[in-house]
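Below, all heavy atoms of this structure are taken into account, side chains as well, without hydrogens, waters or symmetry copies. Sequential numbering from 1 along the given sequence is applied to the chain's residues. Whatever order the structure lists ligands and atoms in, that order sets their numbers, starting from 1. Because the structure is a prediction, the values reported are computed rather than measured.
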Amino acid sequence: MTPNRAVSDDIRARLFPFPARHLTTVLDLKPPHVTALLDLADAFVELNRQTAKTLDLLKGRTLVNLFFENSTRTQSSFELAGKRLGADVVNMNPRTSSVAKGETLIDTAVTLNAMKPDLLVVRHAGSGAPDLLARKVSGSVVNAGDGQHEHPTQALLDMLSMRRAFGDVGNLTVAICGDVAHSRVARSNVALLTMMGANVRLVGPPTLMPPAVDRWGVEVHHDMRKGIEGADVVMMLRLQLERMDGAFVPSMREYFRFWGLDHEKLKHAKPGAKVMHPGPMNRGVEIDSDVADDPAVSLIQDQVEMGVAVRMAVLASLAERLEQEAGR
Ligand code: ASP
């Protein structure tokens, strides 16, 4: 079964070579690239909603998913994205591979490189690990989350979800709330949203703000209701207990009372405001199920859908770049 001709023609017309060999930070992109990527991703959303969802743009290419940290949605999202574009996809599990036997990241990279993957999708607890790999391999590296540093495809999929809900993101006020200190999602979103002209606020307790937050160039609020006042988007972050060394919050109940998003607090945002969360959610800690599951306000399911489309756009565009480099 082949996809609708108009949809696949639209995708081919929007393809462009990625501006860099790798995607390790959103700072690899400039506003016109972001717009072009999101336009391409929009076309992939159409493809994904058809019964026939596969194209051959990555035919013959090998994509390796190398996830040193747990992941459900990101790994399966990249896997689906690669498969829908016709790539051969391999999921490496470093926990059961030689990495668990003490092989270093560099050894792993050199070994993998000998198998000639074209696209290497990496998640690692160490900030900067994908950049290190990028220097050692000949294909393209995509950062799927490195420590507390960046998660570029998450910020892109968040922006696509906002753009589809509101139109232009440049007019939006986005409040990013909760555990900012440990969040790579917050870092990538602040960088991408400010690049595209949105007004960004960080909202949370002082203990969960990064040390140099005053240099991030965005408003910081320590009162939830004030922080989300008039916001178009309230983006909740997971309390990242696995990254906390010691107690940053008195108790989960206390945290929910002051920082958990429920319908009462949401009333302070702009009428028509939307709620986002990158997942996985701690229900009843940073977000109430009544809000998370309310289709009138929640974009959380859209974020998951947009994730596959954005990753298809990134992979297709990186492959165009590889093609172009090989032709030179
Ligand atoms: N899934 C996102 C990440 O990998 C957010 C989270 O884990 O809270 O950073």
Side-chain angles (χ1 to χ4, degrees), residues 23-26 65-81 91 93-95 121-131 141-162 174-193 200 202-205 207-210 233-245 248-249 252 255-256 259-261 275-289 291-292 298-311 314:
L23 175 60
T24 60
T25 155
V26 292
N65 263 334
L66 187 60
F67 278 62
F68 293 86
E69 274 189 336
N70 290 337
S71 162
T72 323
R73 85 203 68 222
T74 307
Q75 182 168 341
S76 46
S77 185
F78 271 109
E79 183 174 354
L80 269 183
N91 290 315
N93 187 350
R95 279 172 296 274
V121 179
V122 186
R123 169 167 290 192
H124 197 282
S127 302
D131 291 283
V141 172
V142 182
N143 180 1
D146 61 332
Q148 293 165 206
H149 176 226
E150 278 234 31
H151 194 350
T153 56
Q154 177 73 46
L156 287 165
L157 75 88
D158 288 341
M159 188 164 281
L160 182 62
S161 309
M162 289 183 230
V174 182
I176 303 179
C177 310
D179 184 2
V180 179
H182 301 100
S183 176
R184 51 197 178 208
V185 173
R187 278 170 185 77
S188 289
N189 261 299
V190 168
L192 193 67
L193 284 163
V200 182
L202 298 177
V203 185
T207 48
L208 292 179
M209 285 293 157
V233 175
V234 181
M235 184 185 289
M236 299 308 301
L237 300 172
R238 183 172 65 90
L239 201 54
Q240 306 212 356
L241 298 168
E242 80 279 19
R243 295 196 202 290
M244 293 184 192
D245 190 10
F248 283 68
V249 291
M252 296 302 144
Y255 187 82
F256 181 72
W259 305 104
L261 186 67
V275 173
M276 303 179 73
H277 192 301
M281 286 183 272
N282 293 312
R283 290 169 181 267
V285 179
E286 71 266 355
I287 193 162
D288 190 26
S289 285
V291 172
S298 175
L299 292 183
I300 298 169
Q301 289 309 315
D302 300 64
Q303 287 174 273
V304 179
E305 182 185 1
M306 296 313 129
V308 179
V310 153
R311 289 171 179 128
V314 166

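Contact between Gly145 and ligand 1 is absent, with no heavy atom of the residue lying under 4.0 Å from the ligand. A heavy-atom separation below 4.0 Å is not found between Ser71 and ligand 1.
Protein heavy atom at the shortest distance from atom 2 (C) of ligand 1 is Gly279 O, 3.6 Å.
The backbone N or O of Leu239 lies less than 3.5 Å from no partner atom in the side chain of Asp179, so there is not a single donor-acceptor pair. A donor-acceptor contact shorter than 3.5 Å links the side chain of Arg187 to the backbone of Ala181. Within the 3.5 Å criterion, the main-chain N or O of Gly128 finds a donor-acceptor partner in the side chain of Asp146.
The CD atom of Glu150 sits 3.5 Å away from the OG1 atom of Thr25 when rounded to the nearest 0.5 Å.
Of all atoms in ligand 1, listed by their number and element, those nearer than 4.0 Å to a heavy atom of Arg123 are 4 (O). Near Val185, the atoms of ligand 1 lying under 4.0 angstrom from a non-hydrogen atom of the residue are 2 (C), 5 (C), 9 (O).
Paired with Phe256 under the rule side-chain contact (heavy atoms from CB on, under 4.5 Å), one option of Asp288, Ile287, Asn282 passes, and it is Asp288.
Proximity annotation for atom 8 (O) of ligand 1: of Arg238, Glu69, Arg73, Arg238 comes nearest, heavy atoms only.
Under 4.0 angstrom from ligand 1, the non-hydrogen atoms of His151 all belong to its side chain.
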- Query: Can Asp302 and Ser161 be said to form a side-chain hydrogen bond (donor to acceptor under 3.5 Å, both in side chains), step by step?
  - Reply: CA-CA 6 Å; Asp302 300 64; Ser161 309; over 6 Å; no
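Checking only distances, Arg184 does come within under 3.5 Å of ligand 1, N or O to N or O. At under 3.5 Å, not a single nitrogen or oxygen of Thr74, backbone or side chain, sits near a nitrogen or oxygen of ligand 1.
No cation-pi contact links Arg123 to Phe67, judged by a cut-off of 6.0 Å to the six-membered ring centre and 45° from its axis.
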